[in-house]
Amino acid sequence: MNVSTFLHFAKFGIKSILLRKKEPILGTIILTDKCNLHCKHCSVNNITAVIHPYKQVRQEMQQLYDMGVRILFFCGGETFLWRDGEKGLRDLVVEAKTMGFLIVNTVTNGTFPLDLPEADLILLSLDGDRERHNLIRGDTYDTILENITHATSDNICFYMAINQLNKEVIPHVCRLARDTKNVRAVSFNFHTPYPDTRPLALTKEDKRRCCAAITQMMDEGCPVFNLKAAFPYLIENSFPTPCHQCVVLEDGKLSTCGRCIDVPGLCAECGYFFVAEYTLLFRGNVKIILEMLKTYLKYI
C-alpha cells in the first residue's frame, strides 16, 4: 500500500470515528450470479444466471466511486465467467484502477486460469484439504492448485468459509497458504446460515475452537489476513451489524453491508469476519485499529 492510499484511508477512518459518519468506503459489484459450481454452502448461485452488461457494470462503478468508495470488489457467481464482447474481468479491474479506486479485488472459485496481475488481491475460495474441499465444491481441488501454480502474480489470498463440513481442517489451509507459491495469505469467514444451509451453521463452541485453531496458526507464522482482536466478537456474534461503511450493488440494487441483509434475522448470525473488523474499526476499537494497520500494510 503506497503512502497516498494509506493517508486517504487514515483520513476516512478518523473522520468516521470522530464524527460517527456512515459513509461507505468498501463497495462490491455483483457481476453475475452465474457459476460453474454448485457448492453445498452457497445460497446465491445461478438464481438468474444473468451476466450483467458492461455498460451497467461501468455505471455501477461510477456510482460507487461518486459515493466515496475506494475499495472495490468484483464478486459473483463466478467472476471469471463475466464477459461482454471483447471485455473480460481483467478489463474491469484495469478500468477500476484508472477511475481512481485505490484497492481493487476480485473473488473467484479458482477453476479458471489466474491471469489478473492488476488486482490487489484475488480472493480464491479454498474450503479445506482435498477431501473436504471436494465434498463442498466438487472435484476442483487439484485444478485450483494447478491454476495457482501457473498464476501470473503472487496476489492470491485463500478465502475459506468455515462450516460443519470443514471446521477441522483450518490448519491445513493455513499451512498451504504459507507454503504455496503465489499465495499471500488466507482469510476466513464463518458460515452465515441462509435458511437452506442452516445445518452447516457453527455453534458458539465450534467458533471458539476455530478461533483457537486460527490463533495457533498465526502463532506458527502462517499468513492470516484476519484480526485476532475481533475473534471474541465473532464467537459471541456481539459486533454491531450492518456495516454502513460497506455496500453491495447487484443489478442496480444498492444494499448496505451485503445481500444477506434482506433475510430476516440473518444479520444476528453474521459470520463475515470483515464485517466484525470494519464495524469495530469504525466504532474506534483501539486494538482493532492497531492490528488492522499492521495486517493491511503487510498483505496489501
For atom [atom1] of [X], decide whether the heavy atoms of other residues, nucleotides or ligands shown that lie under 6.0 angstrom number more than 12.
X	atom1	result
Arg209	CZ	no
Arg83	CZ	yes
Arg198	CZ	yes
Tyr233	OH	no

Any donor-acceptor pair under 3.5 Å linking the side chain of [X] with the backbone of [Y]?
X	Y	value
Glu220	Cys222	no
His191	Leu200	no
Asn189	Ile162	no
Asn166	Asn163	yes
Ser238	Leu234	no
Thr5	Met1	no
Thr108	Thr79	no
Asp84	Lys87	no
Glu60	Glu250	no
Glu277	Met292	no

(request) Applying side chain to side chain contact (heavy atoms under 4.5 Å, CB included), run through Asn105 and Phe74 and close with a yes or a no. (result) CA-CA 6 Å; Asn105 301 330; Phe74 291 116; over 6 Å; no
(message) Applying side chain to side chain contact (heavy atoms under 4.5 Å, CB included) to Val275 and Phe239, what does each step give before you reach the verdict?
(response) CA-CA 8 Å; Val275 173; Phe239 54 95; 3.9 Å; yes
Which atom of [X] lies closest to which atom of [Y], heavy atoms considered:
X	Y	result
Ile144	Asn109	CD1-O, 3.3 Å
Thr256	Ile261	O-CD1, 3.3 Å
Glu291	Lys228	OE2-N, 2.6 Å
Tyr141	Leu176	OH-CD2, 3.6 Å
Glu86	Asp91	O-OD2, 3.8 Å
Lys40	Leu135	CE-O, 2.8 Å

Do you see a donor-acceptor pair shorter than 3.5 Å between the side chains of [X] and [Y]?
X	Y	answer
Asn36	Thr111	yes
His38	Asn45	yes
Thr192	Glu269	no

(message) If the test is side chain to side chain contact (heavy atoms under 4.5 Å, CB included), which one of Val183, Leu123, Asp127, Ile122 qualifies with Phe158?
(response)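 Testing each of Val183, Leu123, Asp127, Ile122 against Phe158, the sole residue satisfying side chain to side chain contact (heavy atoms under 4.5 Å, CB included) is Val183.
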Once the angle between the rings of [X] and [Y] is folded into 0 to 90°, is it parallel (under 30°), tilted (30 to 60°) or perpendicular (over 60°)?
X	Y	answer
Tyr54	Trp82	tilted
Phe225	Tyr299	perpendicular
Phe190	Phe273	perpendicular

Do [X] and [Y] come close enough that some side-chain heavy atom pair is under 4.5 Å?
X	Y	result
Leu266	Tyr194	yes
Leu114	Phe112	no
Cys257	Val248	no
Ile148	Thr180	yes

(request) Report the C-alpha separation of Asn182 and Ile156 in whole Å, then their side-chain angles, then the decisive distance to 0.1 Å, and conclude whether the side chain to side chain contact (heavy atoms under 4.5 Å, CB included) test is met. (result) CA-CA 6 Å; Asn182 294 327; Ile156 296 166; 4.2 Å; yes
Between [Y] and [X], is there a salt bridge with N-O shorter than 4.0 Å?
X	Y	result
Lys15	Glu23	yes
Asp120	Lys97	yes
Glu236	Lys207	no

(request) Take Asp206 and Gln164, measure what side chain to side chain donor-acceptor pair (under 3.5 Å) needs, and give me the verdict at the end. (result) CA-CA 9 Å; Asp206 288 332; Gln164 288 293 345; 2.8 Å; yes
(message) Nearest 0.5 angstrom please: Leu116 CG to Leu89 CG, how far?
(response)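 Nearest 0.5 Å value for the CG-CG distance: 5.0 Å.
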(request) Could you please spell out the steps behind the side chain to side chain contact (heavy atoms under 4.5 Å, CB included) verdict for Cys243 and Phe274? (result) CA-CA 9 Å; Cys243 179; Phe274 82 90; 5.7 Å; no
